[in-house]
Amino acid sequence: MKEFKITLNDSGQRIDKFLQKAMPELPKSMMYRLIRKKDIKINGKRCENSSKIVAGDIVRIYVKDEVSAAKQHDMSFLNANTELSMIYEDDNIIIVFKPVGLDSHSNGERNPDTLINRIKLYLYRKGEYVPDNENTFSPALCSRLDRNTSGLVTAAKNSASLRELNEGVRSGCIHKIYRCIVIGKPERAEDILTAYHFKDEGRNMVRISSEPKEGFKQIRTGYKLLAENSGLSLLEIRLYTGRTHQIRAHLAHIGIPILGDGKYGNIAVNKRLGIFRQQLCAYELEFDFPENSPLRYLYEIHPRSPENLFDNLTFSH
């Protein structure tokens, strides 16, 4: 028999979703069979697959010891770098500045030094994240940036905030504003571009079409010209959709690739200027949660990235 005491970070989940995370070694088919046979109980009573758990509940699973192993916490974050550029923090969320060259998450490699691991280590040292006290939750990013893109990333410190942040991303309550340097100048000083996006999984690249095509999804990218100098332009970018490599591929598609971009950019110009890191930064965040959201207070907060974003390249209007 295995027993779990439900914490605040577990609360609100369906029992089947909770068990999939708390006992990943338990086959899903067996879990559903145990529920049908009343061998999984909440507070001593039978439950359904969709039964919700709340803080303080006791969940018991009557199963053989060899299949009742609980999830083992990944403690690799203890080996992460302690360097963390803090932008904003409260009891629910943390916003940090991710530098170029740091992965947001592990990409299947054994290197423990990722952005989320640095955040876990920071919270662990503060005593705000204690893995042994958690059945299913660990601090998590609500979005990520490519390894070679710098900028603001938000992480949740508890499960309720993570749900709100993820819903905010889906519903458009969180607005991400980027700045970038492009080669050339856009036709208009300000515009919202519409195109169609296809991700080639095998090559880890995307293709952009001006017209709808089968398998392509619509994207919308807004921009504003901030400054220009010597054939380069500084743009502010606002995303209205969030597809893989959207900014880089979309701007390249209209003939103004991001400076330093080795995948979608102008290699000859990059070499001539000696810029080999894509000049793209997630510069600012705006939060617009509805009145009834527990994160509504973030409406007054507009975190911004450090000003020295682009290797000391300067622009004049």
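Side-chain atoms are counted along with the backbone in the values below, which use heavy atoms only and exclude waters and symmetry mates.
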Side-chain ([X]) to main-chain ([Y]) donor-acceptor, under 3.5 angstrom:
| X | Y | answer |
| --- | --- | --- |
| Lys98 | Asp146 | yes |
| Ser305 | Ala282 | yes |
| Arg296 | Phe289 | yes |
| Asp113 | Asn81 | yes |
| Thr194 | Arg220 | no |
| Lys157 | Asp90 | yes |
| His73 | Glu134 | yes |
| Asn43 | Ile58 | yes |

Ignoring hydrogens and angles, state whether a donor on the side chain of [X] or [Y] is under 3.5 Å from an acceptor on the partner side chain.
| X | Y | answer |
| --- | --- | --- |
| Thr7 | Asn9 | no |
| Asn158 | Asn92 | yes |
| Thr114 | Asp103 | no |
| Thr244 | His197 | no |
| Gln278 | Thr149 | yes |
| Gln218 | Thr241 | no |

Which heavy-atom pair separates Cys281 from Phe97 by the least distance, and what is that distance?
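Answer, listing the atom of Cys281 first, then Phe97: SG-CE1, 3.9 Å.
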Search all heavy atoms of Lys41 against all heavy atoms of Tyr62 and return the closest pair with its distance.
CD-CE1, 4.1 Å
For the ring pair Tyr129 and Tyr124, is the centre-to-centre distance below 6.0 Å?
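Distance test on ring centres: not under 6.0 Å, no.
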Is it true that Glu201 and Arg203 have a side-chain N and a carboxylate O under 4.0 angstrom from each other?
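Salt bridge absent between Glu201 and Arg203.
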Apply salt bridge (Lys or Arg N to Asp or Glu O under 4.0 Å) to residues Glu48 and Arg46 and explain how you reach the verdict.
CA-CA 7 Å; Glu48 305 294 336; Arg46 66 167 297 177; 3.4 Å; yes
With a 4.5 Å heavy-atom cut-off, do Arg277 and Gln279 have their side chains touching?
yes
Is it true that the NZ or CZ of Lys176 lies under 6.0 Å from the centre of Tyr178's six-membered ring and within 45 degrees of the ring axis?
no
Kindly confirm or rule out a cation-pi arrangement of Arg179 over Tyr283, judged by NZ or CZ under 6.0 Å from the six-membered ring centre and within 45° of its axis?
yes
My understanding is that only one of Glu284, Glu190, Glu286 makes a salt bridge (charged side-chain N to carboxylate O under 4.0 Å, His left out) with Arg238; could you say which?
Glu286
